[in-house]
Each structure stands twice: as structure tokens, then as C-alpha cells.
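What follows is a set of notes on a single structure, which appears directly below.
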Amino acid sequence: MTDEDYPTDDPAVVTCGLPYPTGDLHIGHLRTYVSGDAFSRALRKLGQETVFVSGTDMHGTPIAVQAIEAGVGPLDLGLERHEQYADTFEEFSVAFDTYGHTDEETNVELTREFVGAWEDNDHVYETEIQVAYDPDADQWLPDRYVEGTCPYCGEHARGDECDEGCQRHLEPGEIEAPVSTITGNSAEYHERAHKFLRLSDFQEYLEGFINRMEGTNNAKNQPREWIEGGLEDFCITRDLDWGIDYPGEGGDDLVLYVWVDAPIEYVAATKQYSERVGTEEFDWASVWKDGDGEIIHVIGRDIIQHHTVFWPSMLAGADYAEPRAVCATGFVNIDGRGLSTSKNRAIWAAEYLDAGFHPDLLRYYLATASGFERDVNFSWAEFAQRVNTELADAVGNFAYRALLFANRNFDGTPQEVSLTDDVETEIAQAMDDYEDALNEYDLRTAGERAVALARFGNEYIQHNEPWNLDSEAAAPVMRDCVQLVKAVAVLLQPFLPEKTETLWAQLGEDGRVSDATIADCLQAPPAEFGEPAELFEKIEDDRVTELDEALAAKIEAASSEDADGEGMADETADDGIELEPLAEDDISFEEFQALDLRVGEVVEAEGIEGADDLARLEVDIGHEVRQIVAGIKQLHDLDALPGTRVVVVANMEPSELFGVESNGMVLAAGEDADLLTTHEDSEPGTKVM
RNA sequence: AGCGGGAUGGGAUAGCCAGGAGAUUCCGCCGGGCUCAUAACCCGGAGAUCGGUAGUUCAAAUCUACCUCCCGCUACCA
């Protein structure tokens with residue numbers, strides 16, 4: 001690795017985070033893959049030798065669980081999606097040099113080598129932990145094989161995360177009341193030996209690494225809290241059939257955690273590329289082992305820690321080279337709200353293509369809508385506007401009018417005139433800016449600069465009015481214009497690989513614009529070319545309305561299918577607060593009576609130190625004064641509370657919050673915790689019916 | 001609450017890290033021009049005291065402190 005500007009003398013390896021094959025790809029995924037693809041193509045434009053790789057992440061419990069549900073083997077399920085992803089990438093011109101998967105032999109071998117190296121370097125230890133076990137199925141229950149209650153929030157939780165409640169990551173053994181997802185029976189916790197990678201060995205290394213790593217700000221800053229706060233060791237094994245066996249003794253029923261073999265696929269895919277083209281042509285080991293290369297990871301911002309903490313440690317522990325940059329793309333929102341696959345608030349890759357739009361249009365939108373790491377909003381209206389004004393009006397129209405005029409009047413590029421100094425300077429400036437932007441990992445600016453050159457072209461042709469000049473006077477103007485078109489084609493190629501290939505052909509160029517480098521921007525265009533065709537079609541307003549309606553309809557359809565009221569925090573601008581849906585299940589009077597509701601009077605209220613929301617209340621409920629913790633610290637003036645009548649659930653089971661015991665629950669409405677009270681003079685302790 | 005990331009004309013963005021003429025670009029809007037071109041393109045104009053407050057400085061969008069509001073991650077609203 002170097003810290004020199006791109007292009008460097010060593011090859012670059014650009015990777016994209018591995019897609020996990022649990023569902024279809026949507027525009028959120030595409031943003032990352034398109035960005036990685038455009039960036040790697042752009043590096044090549046600068047003359048940097050670049051290899052672009054990724055693969056499907058085949059292992060792990062979610063796939064194993066899904067496979068059981070679907071009644072197929074995990075490998076078959078994974079492979080089916082793997083093919084599907086490969087096809088989708090091809091459709092969107094996301095052109096990996098190798099797109100492999102983690103169950104291939106190359107990855108399996110390399111993964112074992114990594115683990116072996118960690119053991120040789122004494123970074124691995126074994127310890128006993130509590131693991132869920134299904135006695136009926138006679139099977140261990142890692143991650144998603146077990147469901148139960150989250151020990152932190154009490155919500156239903158699946159395996160390694162509390163996905164319905166507090167979203168917290170759960171370590172093995174933490175989940176309460178564990179139930180096997182295989183048999184539905186209660187699970188037991190048994191002691192079990194597992195392997196850990198000692199991350200604390202890499203503490204100092206990571207502190208240095210995070211300061212020299214390049215890429216987006218979110219990737220450079222987010223891991224600091226973890227690294228500087230001290231690292232917990234990383235459990236690298238699971239009790240599972242589906243995965244890569246832990247090498248060595250006793251490895252028959254322990255497999256490696258999916259996050260071990262997944263990033264190693266970056267190396268494996270590079271190695272496969274090397275084997276395909278020959279190590280003379282490209283040597284994977286010199287990049288990954290000797291460090292003679294620039295490793296650049298393009299990922300979604302949800303897996304920053306994995307790439308800036310776990311992965312560099314894994315590499316360092318096996319004496320591999322470290323990444324030069326981690327670029328984490330932001331998320332894609334739809335119409336200003338978060339994308340949600342469960343609510344079908346998403347644009348699926350297939351859906352976009354079915355709508356009949358060229359893949360390049362979406363590529364351009366996603367790669368240049370905003371800075372790399374910033375979240376991007378997608379709406380059909382915005383999409384149409386950018387396609388119309390930037391691609392059709394600026395780029396397409398300039399290319400078309402310039403080439404058409406040149407073709408009609410000169411049969412191509414006017415000869416025996418040379419490029420004007422001003423235009424040459426303008427193009428050279430664009431090339432410089434483009435290169436600078438890429439060195440900042442700034443695709444947006446690079447793309448914008450190319451479009452700006454097309455705008456310059458429009459101004460230039462307009463000012464010079466070649467249509468009002470005789471042939472001799474028009475020749476230099478058109479010579480300049482054709483050159484500008486060529487430069488635009490070259491610079492935009494990473495974003496619009498197919499459209500610019502078409503334009504390249506219109507220019508009469510023999511080869512492919514994908515093989516052109518930035519220097520070709522100033523090389524003379526062919527003397528002859530035919531009549532051009534329009535590159536981009538505009539998207540009409542009616543079409544946008546239609547697409548918006550279709551999108552709204554499918555979101556509506558999905559929400560009426562499962563009205564579980566999730567995500568009620570969304571705000572609506574027009575009619576105030578969104579109400580939670582009414583409960584569907586009736587309860588009996590007896591069930592209601594199980595609640596012992598009482599009138600209480602607050603006698604004392606104080607904030608709990610260190611907690612923002614929690615307050616400790618002393619509430620008189622007739623028989624006694626109870627200590628109750630309530631999350632109202634910021635929502636009420638605590639000093640004014642004493643004397644206030646409230647309604648209390650008196651038979652709530654005791655709980656400890658922030659070290660303070662709570663013996664009941666104070667009823668309050670909504671997010672503002674509007675306290676329930678009485679309107680007459682009911683004495684404390686009066687039963688509420 | 002802690003840690004990150006934001007808050008710049010109607011919308012979207014740049015500049016701020018290396019403080020200096022009331023601020024970039026795109027879209028939208030108003031007026032004009034032109035016709036080679038996809039009713040495109042070109043020119044001109046209106047419009048922001050750069051989230052708030054207080055500082056540092058001859059000078060702050062740009063530095064410092066505090067605060068408010070959004071978005072992530074982490075975390076205690078029983």
C-alpha cells in the first residue's frame with residue numbers, strides 16, 4: 001500500500017461488500033455495487049491497474065434457517081440467489097472481475113489458512129460459553145436457531161439480535177426463555193467450548209490503522225468509539241452444520257462464524273482472478289500478502305465496524321496487508337422515508353428494469369446524487385428531473401446537436417484545423433478536477449465535472465453559432481465541439497458504461513470507450529462518422545405520476561397485509577400524528593381485572609442521576625407509598641409533580657432500572673407521556689375500573 | 001445521554017480541516033434571445049445577514065463555548 005495519489009504503480013483491488021442471499025436486491029444494495037463499479041472503472045480511466053471483486057456470502061444461520069423453511073439445502077438456496085445476483089449485476093453493468101461465493105474451494109482453503117495463521121501467531125484461545133441446545137433434536141442452536149426473550153427489553157428476539165425490540169446485538173447465551181426454531185421446544189443452555197480471536201492483541205495496531213486509513217468520514221470515525229474504548233474478543237465459531245469446518249482437531253461439529261469466511265472471499269476472489277489470467281499478469285499474493293497494491297473496500301454503512309475493526313485484525317493476525325481505504329455508502333431513502341423491505345417501501349432491481357428504464361440512468365442517479373457517504377433520497381420525480389435535465393438536456397442534447405451538425409457539414413470531425421487553446425484548457429481542467437475528485441473518493445464531483453463539460457459545450461456552440469458561419473469559420477468551432485463530446489464520453493464512461501459505448505460508436509471510434517483512458521479526452525476524434533441518434537429519452541410527467549401511484553399502491557398493499565403497527569414513529573406533515581392501530585384481539589373482563597389499577601398521588605419526584613429520561617417517583621397508593629421509576633424526566637417539571645394524582649398499575653412485577661427498583665407503573669399517554677389523572681377527588685388507593 | 005454525521009436563497013448541494021471583498025453549482029421561478037439540436041439551448045434577473053446565542057479576531061459560513069432541531073450507532077422510558 002502507498003499513500004500516493006491514484007494512479008499508483010501498484011494494482012488496486014476494489015471490493016464490494018458481499019450480498020447476503022436472503023432476498024432480492026433493491027436500489028439500496030445497488031447504490032453500493034454501482035458505486036464500487038463506477039469507482040473501479042474510474043480508477044482504470046486514470047490508468048490505475050484495477051481488479052474489482054466480490055461474491056455471495058453463503059454461510060450463516062439465516063440462510064440455514066431459510067433453507068429449512070423452504071425445504072431445500074442451504075447450498076442450493078444460496079446458489080440460486082447467487083446466480084440471480086450475478087445476473088442482476090450484469091444487467092446493471094456491475095462488472096466484477098471475479099464474482100465468486102464463499103462456499104467455493106478457494107475460499108474454504110484460504111479461510112483455513114487464515115485460522116491456522118492466527119493459531120500459529122497465538123491469537124486464538126478456547127473458552128467455555130453457554131450455548132442453547134435442543135435436547136429433542138439433539139442439536140446445538142446457534143444464532144437464529146433460537147428465539148426467546150430479550151434480556152434487555154423483554155421483546156421477542158431472534159438468536160443474535162433483538163430485532164423486534166431494542167435492536168441490541170445478543171451474545172450467545174444471553175437470550176432468555178430460549179425456544180428452538182427447529183422443534184419449537186424449549187431449549188436448554190449447555191456449556192460448550194468455543195474459539196475466540198483475541199482482538200485485544202490488535203488494540204495498538206488498530207489505533208494506528210484507523211488514523212492512516214483513507215475513505216469516507218463515517219468509516220474513519222465511527223469505529224473510534226470501539227477501538228479507543230477497548231475491544232472485546234471475537235467469537236469465531238458456531239455449532240452449526242452449514243459453514244466452513246473449524247480446521248484441526250474436533251472440527252467436525254464446529255464451523256467458523258460467517259463473518260470470518262465472508263471477508264476472506266475478497267482475497268479468494270482476487271486469487272481466482274489471478275489463477276484465471278495467470279500470476280504473470282496479476283499476482284494476488286503481492287497485493288494481499290506483500291502489500292504491493294491498494295486495497296479499497298466499498299461497503300454499506302451498516303458494516304463499517306466489520307471492515308474497520310474485525311477485518312483489519314484478521315488480516316494483521318495472519319500477516320496480510322491492510323486496506324488502504326474503506327468507503328461506506330449511505331442508505332437510500334424513498335420519498336424521504338427509510339427504505340423498508342417488510343413494508344415494500346423499496347424499488348427492487350427487477351422492478352426498475354421492468355419499468356423499462358435503462359440501467360445506466362439509475363447508475364448515474366445513485367452514484368452522483370450525493371456524496372459517497374451521505375444518504376440519498378430516491379423519488380421518481382427527482383429521478384425524472386435529473387435524467388431530463390442532466391442526461392437528456394445537458395449531455396444528450398449537446399452530443400446530438402454537435403455530432404449531427406458535424407456530420408452534416410463535415411462528414412465527421414473537421415480536418416486541418418486544430419483544437420482551440422481555450423477548449424483544450426477547459427478539457428484539461430476537467431481532467432484534473434476529475435482526477436482530484438477520485439483521489440478524494442468523491443464520485444459525485446467526478447460525475448458532475450463531466451456533465452459540466454457538456455454544459456460548457458452547449459454554451460460554446462451557442463456563442464459561436466456555427467450555423468451562422470461559413471464552412472471555413474465553422475470548422476474550428478466544430479472541431480472543438482466534437483472533441484468536447486469525446487471527452488464527455490470518456491469521463492462519463494464509469495457512470496454510464498453502455499450509453500457512452502453507444503456514443504463512442506457514434507463518434508466513429510473503433511475500440512471501446514471502456515478501454516480508453518483519461519488521456520484520450522484530448523486525442524483527436526475520427527475524421528469520419530455517421531449521423532448520430534439521440535442518446536437519452538426524456539421521462540414525461542405523466543409517467544412519473546404513474547410510477548408514484550404504483551409505488552404508493554404496493555406500499556399500501558403491503559401494510560394492509562400485516563398491520564402490526566410497526567414504525568409508528570413516522571411523522572406525517574399533513575394531518576398530525578399517526579395513530580397506532582387498534583388491537584385486534586379482544587380480552588375478557590377477567591383478563592382486564594388482572595390489572596390492579598389504583599389512584600395514586602405523587603409525593604416525591606427526582607431525576608435519576610445519569611439517566612436522561614428516568615425519574616424516581618414516590619407514589620402514595622393508599623395502602624403504602626411505592627417507589628416507581630418512570631421515563632418522564634424530560635417531559636415533565638419534576639418539582640411540580642408532587643401532589644399530582646396519577647393512575648398506577650399496582651401489581652406490576654418489580655423491576656430494576658438504572659439500579660433503582662421500580663414497584664409499579666405510572667400510566668401516561670403517547671410519546672409525550674401525558675400523565676393520566678382523575679378529575680374529582682378520588683382518594684389515593686381507590687381502585688380504577 | 002455518549003459517539004459520529006448533518007443544519008447554507010423555494011428544493012438539492014459546495015465551501016468550511018489550512019478564517020478576508022455579503023457565498024458555489026444544479027433544479028425551480030421571472031424577463032429576454034436564438035433556432036444547429038430532444039419545446040432543446042444561450043443570456044440576464046429576483047431570492048439566503050450561511051440553525052441559535054455568546055466569544056476570539058482588524059476580519060467568521062469558515063475558529064472556540066454553550067444551546068436547539070434532524071439522522072445513524074450505542075444506551076435506561078416497567
Side-chain angles (χ1 to χ4, degrees), chain A residues 152-154 166-169 216-226 228-229 301-302 304-305 328 330-331 333 336 338 368-371 373-377 379 381-382 384-386 388-409 442 444-445 448-449 451-452 454-455 457-469 474 477-478 481 532-538 571 608-615 628-635 648-649 651-668 671-673:
Chain A
Y152 299 96
C153 70
C166 62
Q167 306 291 322
R168 197 188 156 102
H169 171 79
T216 52
N217 289 322
N218 51 1
K220 288 193 280 192
N221 292 320
Q222 202 169 298
R224 297 199 122 87
E225 192 181 4
W226 276 32
E228 285 155 15
R301 70 167 154 84
D302 51 336
I304 287 175
Q305 266 81 355
F331 290 157
N333 294 322
T368 64
S370 188
E373 76 267 35
R374 307 217 21 191
D375 286 356
V376 153
N377 186 51
S379 72
E382 214 171 312
Q385 190 184 60
R386 295 198 58 210
N388 292 350
T389 61
E390 294 170 35
L391 295 181
D393 294 348
V395 175
N397 188 240
F398 171 61
Y400 183 60
R401 72 196 293 203
L403 296 191
L404 189 62
F405 194 92
N407 165 262
R408 284 181 184 164
N409 297 282
D442 186 352
R444 175 175 208 263
T445 299
E448 213 170 47
R449 194 60 186 86
V451 174
R455 288 206 176 90
N458 268 323
E459 290 168 33
Y460 188 77
I461 196 170
Q462 191 78 27
H463 282 149
N464 289 290
E465 300 183 328
W467 46 89
N468 289 334
L469 303 175
V477 174
M478 293 320 295
C481 286
E534 294 168 2
L535 269 185
F536 301 101
E537 235 177 86
K538 291 218 203 196
E571 287 186 29
I608 293 176
E609 200 174 332
D612 342 306
D613 294 333
L614 298 182
I628 297 175
V629 176
I632 58 170
K633 184 169 165 183
Q634 294 186 327
L635 303 166
V648 172
V649 182
N651 61 341
M652 196 78 200
E653 73 178 351
S655 159
E656 192 178 287
L657 286 162
F658 241 65
V660 180
E661 191 171 309
S662 180
N663 297 301
M665 179 170 170
V666 174
L667 296 184
E671 299 207 342
D672 294 333

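Below, read A as the first sequence line, B as the second, and so on, with proteins coming before strands; counting in each chain starts at 1.
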Among B/rU38, B/rC27, B/rC36, which nucleotide sits nearest the side chain of A/Gln385?
B/rC27
Checking all strands, does A/Glu534 fall into the base, sugar-phosphate, or nothing category for heavy-atom contacts under 4.0 angstrom?
base
Answer with base, sugar-phosphate or nothing: what part of the nucleic acid does A/Arg386 contact at a heavy-atom distance below 4.0 Å?
nothing
As its Watson-Crick or G-U partner within any shown strand, both distances under 3.5 Å, B/rG22 has none
Have a look at A/Phe331 and say if it touches a base, only the backbone sugar-phosphate, or nothing, with a 4.0 Å heavy-atom cut-off.
nothing
Let me know the distance between CZ of A/Arg455 and P of B/rC41, rounded to the nearest Å.
9 Å
A/Phe331 ring centre to A/Arg301 NZ or CZ under 6.0 Å, with the angle to the axis within 45°?
yes
Show, in sequence, the C-alpha distance, side-chain angles and deciding distance for A/Ile461 and A/Met478, and conclude whether the side chain to side chain contact (heavy atoms under 4.5 Å, CB included) test is met.
CA-CA 8 Å; A/Ile461 196 170; A/Met478 293 320 295; 4.3 Å; yes
Using side-chain heavy atoms (C-beta onward) and a distance below 4.5 Å, is A/Lys538 in contact with A/Asp393?
yes
Partner of B/rC50 by Watson-Crick or G-U wobble geometry, both contacts under 3.5 Å, or none?
none
Considering every strand and a 4.0 Å limit on heavy-atom distances, what is the contact class for A/Ile304: base, sugar-phosphate, or nothing?
nothing
B/rG10 - base-pair partner by Watson-Crick or wobble geometry, distances under 3.5 Å:
B/rC27
Between A/Glu390 and A/Phe536, is the side chain to side chain contact (heavy atoms under 4.5 Å, CB included) condition met? List the steps.
CA-CA 10 Å; A/Glu390 294 170 35; A/Phe536 301 101; over 6 Å; no
By nearest-heavy-atom nucleotide on RNA chain B, the more 5' of A/Ala394 and A/Arg301 is A/Ala394
Looking at A/Glu537, I want to see if its CD is surrounded by more than 12 non-hydrogen atoms of other residues, nucleotides or ligands under 6.0 Å.
no
What is the distance from atom CZ of A/Arg449 to atom OG1 of A/Thr445, rounded to the nearest 0.5 Å?
10.5 Å
CZ of A/Arg449 versus C1' of B/rU25: gap in Å, rounded?
11 Å
Between the base of B/rC36 and the side chain of A/Gln462, is there a donor and acceptor pair under 3.5 angstrom?
yes
Just the rounded figure in Å: distance from C1' of B/rC34 to CG of A/Asn397.
14 Å
From the list B/rC71, B/rU13, B/rC36, which nucleotide is the closest neighbour of the side chain of A/Arg444?
B/rU13
Ring-base stacking, A/Trp467 with B/rC36 (5.5 Å, 30° cut-offs):
yes
B/rU38, B/rC36, B/rC34: which one has an atom nearest the side-chain heavy atoms of A/Arg408?
B/rC36
Quickly work out the A/Lys220 NZ to B/rG5 P distance and round it to whole Å.
11 Å
Choose from B/rC42, B/rC26, B/rC71 the nucleotide whose nearest atom is closest to any side-chain atom of A/Asn458.
B/rC42
Under 3.5 Å on both distances, the Watson-Crick or G-U partner of B/rC63
B/rG55
Which is more 5' along RNA chain B, the nucleotide nearest A/Tyr460 or the one nearest A/Gly396? Just name the residue.
A/Gly396
Donor-acceptor pair, A/Asn409 side chain versus A/Phe405 backbone, under 3.5 Å?
yes
Just the rounded figure in Å: distance from C1' of B/rU35 to CG of A/Leu404.
13 Å
If you check the A/Glu459 side chain, which of B/rC43, B/rU38, B/rU35 turns out closest?
B/rC43
When the distance from CZ of A/Phe398 to P of B/rC36 is rounded to whole Å, what number comes out?
17 Å
In whole angstroms, how far is the C1' atom of B/rC27 from the NZ atom of A/Lys538?
13 Å
According to the Watson-Crick and G-U wobble definitions, with both distances under 3.5 Å, which nucleotide is paired to B/rC3?
B/rG72
Heavy atoms from C-beta onward define the side chain here; which of B/rC41, B/rC71, B/rA78 lies closest to that of A/Met665?
B/rA78
Which nucleotide in B/rU38, B/rC34, B/rC42 has an atom nearest any side-chain atom of A/Ala392
B/rU38
Rounded off to whole Å, could you give me the CG-to-P distance for the A/Asp302 and B/rG5 pair?
19 Å
